[in-house]
Amino acid sequence: MAFTNGIPLSDKESVKLFIASSFVETILQAASACPDKEICGLLIGKANSVTEIRPMENKAAHPERFFEMEEADLIRSHREARERGLKVIGHYHSHPSGNCRPSHWDAALAHDGQYWLIAASNKIEGWYAGKNGVVEGIFHPCRLVVE
């Protein structure tokens with residue numbers, strides 16, 4: 001049995017997200033550069049493959065505990081991705097607390113079918129939002145296949 005994010009999984013239960021090592025490094029560097037507030041951005045690609053990341057400004061009133069993206073920027077990003085035959089497949093953000101586990105606040109924002117990457121303490125973990133998740137009732141651990 002394999003373990004992802006500390007949660008045991010069988011291979012048939014495993015959700016995978018393919019992502020370039022340069023994207024992972026960019027996210028980790030951004031999180032390290034802003035250790036006291038959550039950084040955030042979008043994962044753009046096809047199916048379970050990230051072809052680009054788009055950093056977004058955190059507009060939350062309390063960015064040390066939450067992230068919030070400007071609605072107009074989100075709409076524009078979705079439209080631009082569609083125009084190129086891609087889509088927004090998920091989000092990334094950091095947890096200054098040092099914990100990569102999704103919070104109940106993250107669960108409130110998540111929609112089925114989205115990938116979530118959470119960076120903390122110079123590591124990154126993947127999550128997939130879907131029914132009956134093992135974390136906060138919506139998140140399933142996701143294997144990151146770093147290419």
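In this text the structure is predicted, and so the values were computed from the model without any measurement.
- Across all their heavy atoms, Val88 and His78 have their closest contact at CB-CE1, 3.4 Å.
- Tyr92 pairs with exactly one of Ile19, Ile118, Leu43 by the side-chain contact (heavy atoms from CB on, under 4.5 Å) rule, that one being Leu43.
- Separating the CZ atom in Arg101 from the NE2 atom in His95 is a distance of 11.5 Å, to the nearest 0.5 Å.
- By the 4.5 Å heavy-atom criterion applied to side chains, Pro96 and Asp36 are not counted as neighbours.
- A 4.5 Å side-chain heavy-atom check between Cys142 and Tyr115 finds at least one atom pair inside the cut-off.
- Neither Phe18 nor Tyr128 shares a network with the other; the hydrophobic side chains, linked directly or stepwise wherever heavy atoms of I, L, V, M, F, W or Y lie under 4.5 Å apart, form separate groups for each.
- Other residues, nucleotides and ligands contribute more than 12 heavy atoms inside 6.0 Å of the CG atom of Asp112.
- Shortest non-hydrogen contact noted between Arg65 and Glu38 is O-OE2, 3.0 Å.
- Proximity of a side-chain donor or acceptor of Ser94 to a complementary backbone N or O of Ile39 within less than 3.5 Å is detected.
- For the pair Leu42/Leu74, a side-chain contact is recorded, criterion being any heavy-atom separation below 4.5 Å from C-beta on.
- Put simply, CD1 on Ile124 and CD1 on Ile27 are 4.0 Å apart, with the number rounded to the nearest 0.5 Å.
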Quiz prompt | Check against side-chain contact (heavy atoms from CB on, under 4.5 Å), Glu52 and Arg84 | solution = CA-CA 12 Å; Glu52 66 184 81; Arg84 294 182 293 124; 2.8 Å; yes

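- Following chains of ILVMFWY side-chain contacts shorter than 4.5 Å, one cannot reach Val145 starting from Val50, and the two form parts of different hydrophobic clusters.
- Enclosure of atom CD in Glu71 is not indicated, since only 12 or fewer non-hydrogen atoms of other residues, nucleotides or ligands lie within 6.0 angstrom.
- Of all heavy-atom pairs spanning Ala20 and Val146, the tightest one is C-CG1, 4.3 Å.
- The shortest side-chain heavy-atom distance between Met56 and Ser77 falls under the 4.5 Å cut-off.
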Exercise. I would like to know whether His91 and Leu109 meet side-chain contact (heavy atoms from CB on, under 4.5 Å); could you show each step before the answer?
Key: CA-CA 10 Å; His91 304 86; Leu109 296 172; over 6 Å; no

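- Contact record, Ala31 with Ala119: CB-CB, 4.1 Å, taken as the closest heavy-atom pair.
- Side-chain N or O atoms of Asn58 include one that pairs as donor or acceptor with a backbone N or O of Phe66 at under 3.5 Å.
- Note: Glu136 CD to His104 NE2 = 7.5 Å, rounded to the nearest 0.5 Å.
- The closest donor-acceptor contact from the side chain of Trp105 to the backbone of Phe67 lies at 3.5 Å or more, if one exists at all.
- Between the NZ atom in Lys16 and the CG atom in Leu144 there is a gap of 12.0 Å [rounded to 0.5 Å].
- When all heavy atoms of Pro141 and Val134 are compared, the pair lying nearest together is CD-CG2, 3.7 Å.
- Taking each heavy atom of Gln114 and Gly90 in turn, the nearest pair found is CB-CA, 4.5 Å.
- Note: Ile89 CD1 to Lys46 NZ = 11.5 Å, rounded to the nearest 0.5 Å.
- For the pair Asp73/Glu57, no side-chain contact is recorded, criterion being any heavy-atom separation below 4.5 Å from C-beta on.
- Counting only distance, with no hydrogens or angles, the side chain of Thr51 and the backbone of Ile44 share a donor-acceptor pair below 3.5 Å.
- Considering CE of Met69 and NZ of Lys59, their distance stands at 13.0 Å, rounded to 0.5 Å.
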